[in-house]
Amino acid sequence: MSTTDETASTTGPGGDTPSGPPPAWQKALKRYGPVVAVVVVVVAAVVAFGGGGGDDEGGDTASGGEEVASEDELTSTGPMTPAKADLLGETDVDFGPDCDTDLGTIKLVSVYAPPCVAPFTGDNGGATYRGVTADEVKVIWYRLDPKLDPLTAATVENAGADIDPQTAAETVEGFATLYNKLFETYGRTVTVEVYTGTGAGDDLEKAKADAIEIAEKDPFAVIGGPGQASSVFAGELVSKGIVCGPGCATALPEELVEEYEPYVWQILQTPDQGVAAASSVIATLAGPGKAELAGTPEMREKDRVYGLLHYDNANGEYQPVFEEFTRQLEENGIELATDVEFTLDLAASQENARTHIAKLMDAGVTTIIYYGDPLTPGALTKEATAQDYWPEWILGPNVLMDTTIFGRLTDQQQWKNGFGVSALAARTAMEDDGAFRIYNWAYGTMPPSNTANILEPQIRTIFTGIHLAGPDLDPETFRDGLFRFPPSGGGATQPLLSWGNHGLWPELDWGGTDDGTLIWWDPEAVGEDEVGNQGTGMYRYANGGERGKFGEGPTSLADSGLFDVASSVTVYDEVPEADRTPDYPPPS
């Protein structure tokens, strides 16, 4: 460890029929310097936040009361995998040259490589669903036009993220080309067509219009979406029977995901999962008692008084999540003295921060629980310092506020007075980091965009669902494909990932990430952020980034590893042994 500071149906619910083959991409793979990223989603969705799988015997239900198959049932009804071969007692299955028979996964340099599938031959059923033909599966990648939201784009770009749509498109294309070689697609090529949004990320009318226009292109699935308007965007696509893949709907509340089942998919935890995990950890590590993590001796002598700063959008769609968060905090013995709701408005951020901080101070709040986007805390913490207010800060469910690139936008002395639960993993050197390792392995160069770590999981999730669905592709078999993907990862640098019925959550799991780690801000740590910028101030991962599933974790602040520099890590010098994968020859 390093503590370096440095089906058969051809129509969907909307009655649409599949279109002809989509236009092919023009290949243009460019060289780019060594960069790492976790940021492009902010341009597309700066306001989404991030625990449901039952037991291994089945019995959970999806929306509408449909019973979800058990793992054995899913395995036995799916394509031939090593698990199915074991279940059937077959010992002589040939899984082809792209299978690592020791691990039972395809030869991809990732802990998220899916199980091998016996190479497919024969009739794939042709047009099994809209966007699916005998030869192709059509996917639309939605990208925002940064010129339509210049303030957000400038803020993110100034933080160091690449917001160029072209380099992002080239990166997506590169991964799609690679995964068409490695994943089983049953005689079809997964083609990805770029669609550039016509509005800003919070423009509801444009989001709906874009979804209608995309539906006319007859895709099977859409990845990427318009951020704050993603629920409108997703709803319109679902009404047309189109799969809304990762990034299309950014962390929708579970009640919407269940309503839209099996069309909406996410990579991080659902917001409901996030509040379940956060409320338990907050109660354990910062329950009623003295505000011992506050920034001044006077504040540390006070009994904790809790206030919740929480995001919602213009439609109020996160109100149920806020209510669930409040309920779960109360169940854990935490009562809120006040709550302050906000929407993302960068133009008025400092003025709004002044009002929000004043409300918290008037309520006597010593302990602020933050649930929201990665840009708002910059103004909030600076305003708190301006008003000489030094509370505890607890980072609850969020998107990307647990990254160093955005932590550096805060008042550094304010942000060190607290901790957070992060679904993201401890970091490694750039060349060893997730999507960057995969791309460099395949092409001998870093990806064109430094946002590859956001883009690649979106593509991989689509390919994984197709790979494990079998030839008869439609939204239900795609769902079953993702549910067949076994829980993978779980090491310090690789979050545990799965969907479905694996016993990791009290209810059926519609989110992706299944575990988390504890973090805190060190204003004196020196090193690179997630996009390669050298600077001062970094998140530290407690106990070397040790991760815990829902219901697991430290039982007290003393054994949590929080604020213990010696046992923490900022960036691993090398990938921990548990997270390493074989270094296969790249595909030709």
Side-chain angles (χ1 to χ4, degrees), residues 7-24 62-64 66 68-69 73-81 84 96 106 114-141 176 179-193 211 214-223 234 236-246 248 260-265 458-485 499-500:
T7 347
S9 172
T10 58
T11 62
D16 300 279
T17 56
S19 63
S63 61
E66 178 185 358
V68 176
E73 290 170 334
L74 283 168
T75 298
S76 64
T77 57
M80 181 59 71
T81 62
K84 183 173 181 176
I106 67 172
C116 303
V117 167
F120 176 77
T121 59
D123 183 3
N124 62 13
T128 59
Y129 195 75
R130 66 174 302 159
V132 181
T133 70
D135 302 315
E136 293 178 297
V137 180
K138 184 175 183 178
V139 175
I140 297 289
W141 176 56
Y179 291 165
N180 269 304
K181 294 179 180 179
L182 292 177
F183 287 67
E184 179 56 70
T185 55
Y186 306 94
R188 304 179 177 106
T189 297
V190 179
T191 58
V192 184
E193 180 180 334
I214 287 172
E216 293 173 353
K217 298 176 180 292
D218 266 333
F220 173 73
V222 176
I223 56 176
E236 188 63 35
L237 293 174
V238 169
S239 74
K240 304 294 186 183
I242 297 169
V243 171
C244 183
C248 165
Y260 294 158
E261 188 275 335
Y263 294 96
V264 175
W265 297 96
Q458 298 178 5
I459 294 291
R460 176 169 31 86
T461 300
I462 292 295
F463 273 89
T464 297
I466 293 170
H467 177 87
L468 294 173
D472 187 16
L473 182 61
D474 61 27
E476 285 75 23
T477 59
F478 179 82
R479 172 201 60 202
D480 291 348
L482 286 181
F483 283 4
R484 290 183 184 108
F485 178 72
W499 298 266

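Heavy atoms only: backbone and side chains are in, while hydrogens, waters and symmetry mates are out. Fair warning: this is a prediction, and the values are worked out from it, not measured in the lab.
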*Looking at CG of D480 and CG of D472, how far apart are the two atoms once the value is rounded to the nearest 0.5 Å?*
11.0 Å
*I466 vs V190 side-chain heavy atoms within contact, under 4.5 Å*: yes
_Do C248 and V264 make a side-chain contact, defined as non-hydrogen atoms from C-beta onward lying under 4.5 Å apart?_
no
*State the NZ-OG1 distance between K84 and T81, to the nearest 0.5 angstrom.*
7.5 Å
_D123 to F120 - nearest heavy-atom pair and separation_ = O-CZ, 3.5 Å
*Can you measure from CG (L482) to CD1 (I462) and round to the nearest 0.5 angstrom?*
7.5 Å
*How many angstroms lie between atom CG of L74 and atom CZ of R479, to the nearest 0.5 angstrom?*
8.5 Å
*If you take all heavy atoms of A176 and F463, which pair is closest and at what distance?*
O-CZ, 3.7 Å
_Pair W141, Q458 - check side chain to side chain contact (heavy atoms under 4.5 Å, CB included), show working._
CA-CA 9 Å; W141 176 56; Q458 298 178 5; 4.0 Å; yes
*Supply the atom-to-atom distance T133 OG1 to N124 CG, rounded to the nearest 0.5 angstrom.*
8.0 Å
_If we ignore hydrogens and angles and just use 3.5 Å, is the side chain of R188 paired with the main-chain N or O of P471 as donor and acceptor?_
yes
*Taking R484 for its side chain and L468 for its backbone only, find out whether a donor-acceptor pair lies under 3.5 Å.*
yes
*Can you see which heavy atom on G241 is nearest to which on P475, and at what distance?*
O-CG, 4.3 Å
*Short question: side chain of Y186, backbone of H467 - any donor-acceptor pair under 3.5 Å?*
yes
*Would you confirm whether Y263, through its side chain, and L237, through its main-chain N or O, come within 3.5 Å as a donor-acceptor pair?*
no
*For V243 and F478, which heavy atoms make the closest approach, and how far apart are they?*
CG1-CE2, 4.1 Å
*Any sub-3.5 Å donor-acceptor pair from N180's side-chain atoms to T189's backbone N or O?*
no
_For the backbone of L473 and the side chain of T128, can you confirm whether one donor and one acceptor N or O come within less than 3.5 Å of each other?_
yes
*Taking the side chain as C-beta and beyond, is there a heavy-atom pair between V222 and C244 under 4.5 Å?*
no
_Please give me the minimum heavy-atom distance between P219 and I242, naming the atom from each residue._
O-CG1, 3.9 Å
_Check: E193 side chain, K138 main-chain N or O, donor-acceptor pair, under 3.5 Å_ = no
_Nearest non-hydrogen partners of K240 and A215, listed with the distance_ = CG-CB, 3.8 Å
*Could you give me the CA-CA distance, side-chain angles and deciding distance for T461 and W499, then say whether side chain to side chain contact (heavy atoms under 4.5 Å, CB included) is met?*
CA-CA 11 Å; T461 300; W499 298 266; 4.0 Å; yes
